[in-house]
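First comes the structure, then the notes that go with it.
So that the names make sense, note that chain A is the first sequence line, chain B the second, and so on, each numbered from 1.
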Number of protein chains: 2
Amino acid sequence: MEDEPDAVELIKFNLKAAGYEVVTAADGDEALKKAKSLLPNLIILDLMIPEVDGLEVCKILRRDVRASAIPIIMLTAKAGEVDRVLGLELGADDYVTKPFSPRELVLRVKRLLRGPAENLETDQITLNELRLDIPRHQALVKGKPIELTATEFRLLTVLAQRRGRVQSRERLLHDVWDYDNLIDTRTVDTHVRRLREKLGPAAKYLDTVRGVGYRFVEE
Amino acid sequence: MEDEPDAVELIKFNLKAAGYEVVTAADGDEALKKAKSLLPNLIILDLMIPEVDGLEVCKILRRDVRASAIPIIMLTAKAGEVDRVLGLELGADDYVTKPFSPRELVLRVKRLLRGPAENLETDQITLNELRLDIPRHQALVKGKPIELTATEFRLLTVLAQRRGRVQSRERLLHDVWDYDNLIDTRTVDTHVRRLREKLGPAAKYLDTVRGVGYRFVEE
DNA sequence: CCAAACTGTCACGGCTCCGTCACCGGTTTG
DNA sequence: CAAACCGGTGACGGAGCCGTGACAGTTTGG
């Protein structure tokens, strides 16, 4: 979500190299639409964009029921204190002044995605008889604790946090295993199987989307 | 209750935007007076404040009959990590290290105001036959005092104060040892082992969560 | 100034867990 | 309708994790 095409490509390239999935928007209006429909895990927002001003986009997103929880990084041309305070007041979580190194941006993205803000909001996930308590590292089915290994728990957490949306095997390998090589592996499948075994009746929430990946069902 | 005017205004703005009523104090002395007279629902306390030190303010408030129950969030500069454990012993309920995003602070405020029961830090923790007397720096099993070294006691305290929640080795190294480097160490394991030896029958309260860390059991 | 206590690191070994493979039934494709 | 594709399943060997004992460097106390 940028104004200069070159800069957009540069950022996109570096983020993809770090293993992230990137979607871009040409102006503020498009940015708003995509943000609300795709509900990304993080938004990088340039202040100087056409159609709808960056600050305005931020403000609107913060009022949105579903999008308000998404962390936002702001890109600003001036190092002016006004923009910084204004941006933070409107709910941005971090901001970067141009010019900046792509590496710095990637680091800030990582920090925000693993940061405390995310953990605070998602420290407990409940879906009918299944409950995930992340700080306690405990999964409950109908109130009874289920013994899960560390990897199984992380996999289930990632899927549950993005419930409704299909996660490809590559994405899961990146987020759960920190694998960046795209080697074909049956690892994910095996772990999903073990999860289903242990979850018992709650296994119905784990959907297989043939040819794509896995999904935690919504409602 | 801050030292930098800009930061105070920033926090104030964001809390008000979240629907809270906010009162500020310029120094520790003023903070104490206002806290005792207004009896707010929550206090955000900067460690680096003039007149009366933040830790001192915390200690005084905890001794006060009427103000002792008020949750306190401490703001600490990244340098003085020793303050963290010290603050916990003095009865702070949560910590935020600078720099932090305003949104993160608001989230922590919400959490503390939402569930006071699960976040209350007392100076005495009792779980069946095990009792921890934090101000006296003493651990008791079935009423009999157990000889613990300084490090062992701090480790046990940190684990017990976050009972139920798994603490990673890195987290424990950070909070108990002030280690920030992520080198692989068996130090935590060794100290847990020594703790278990000394605790005897009460050792069952220290859970190992394979691949994650350690946990003080709940109930 | 010495002895005792405390602390961090290391090596070892048992045991759990994990990644991979082969196989097979079901589904899609041409 | 056959061939290719895909994902579920069971099994297995290696890797990684953690408990344990030992030890050297440092601190404490007499």
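With hydrogens and angles left out, the side chain of B/R210 and the base of D/dG19 share no donor-acceptor pair within 3.5 Å.
Ring geometry for A/H174 versus A/Y20: interplanar angle over 60°, hence perpendicular rather than tilted (30 to 60°).
Of the candidates C/dC17, D/dG7, D/dG21, the closest approach to any side-chain atom of A/R186 belongs to D/dG7.
Note on A/R194: a base of the nucleic acid sits closer than 4.0 angstrom, heavy atoms only. At a threshold of 4.0 angstrom between heavy atoms, the contacts of A/V188 with the nucleic acid are absent. At the heavy-atom level, B/T187 lies under 4.0 Å from base atoms of the strands shown.
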**OP:** Show your working on side chain to side chain contact (heavy atoms under 4.5 Å, CB included) between A/R136 and B/V166 and close with a plain yes or no.
**Re:** CA-CA 5 Å; A/R136 285 175 171 72; B/V166 179; 5.7 Å; no

| request: Begin from the C-alpha positions of B/R162 and B/D175 and carry the test salt bridge (charged side-chain N to carboxylate O under 4.0 Å, His left out) through to its verdict. | output: CA-CA 12 Å; B/R162 302 166 195 173; B/D175 291 349; 2.8 Å; yes

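For the pair B/H191 NE2 and C/dC10 P, the computed distance is 14 Å after rounding to whole Å. Distance CG (A/L199) to P (D/dG8): 14 Å, rounded to an integer number of Å. A/L206 has its CG atom 14 Å from the C1' atom of D/dG7, to the nearest Å. Distance B/R154 CZ to C/dG8 P: 10 Å, rounded to the nearest Å. Atom CZ in B/R196 sits roughly 11 Å away from atom P in D/dC18 (whole-Å rounding). Note: CG (A/D189) to P (D/dC6) measures 11 Å, nearest angstrom. One can place CG of A/L173 at 13 Å from C1' of C/dT20, the figure rounded to the nearest angstrom.
Ranked by how close their nearest DNA chain C nucleotide is to the 5' end, A/R193 and B/L148 are led by B/L148.
Here B/Y214 reaches the OP1 or OP2 of D/dG19: one of its side-chain N or O atoms lies under 4.0 Å away.
A donor and an acceptor atom, one from each side chain of A/Y205 and A/E129, are located under 3.5 Å apart.
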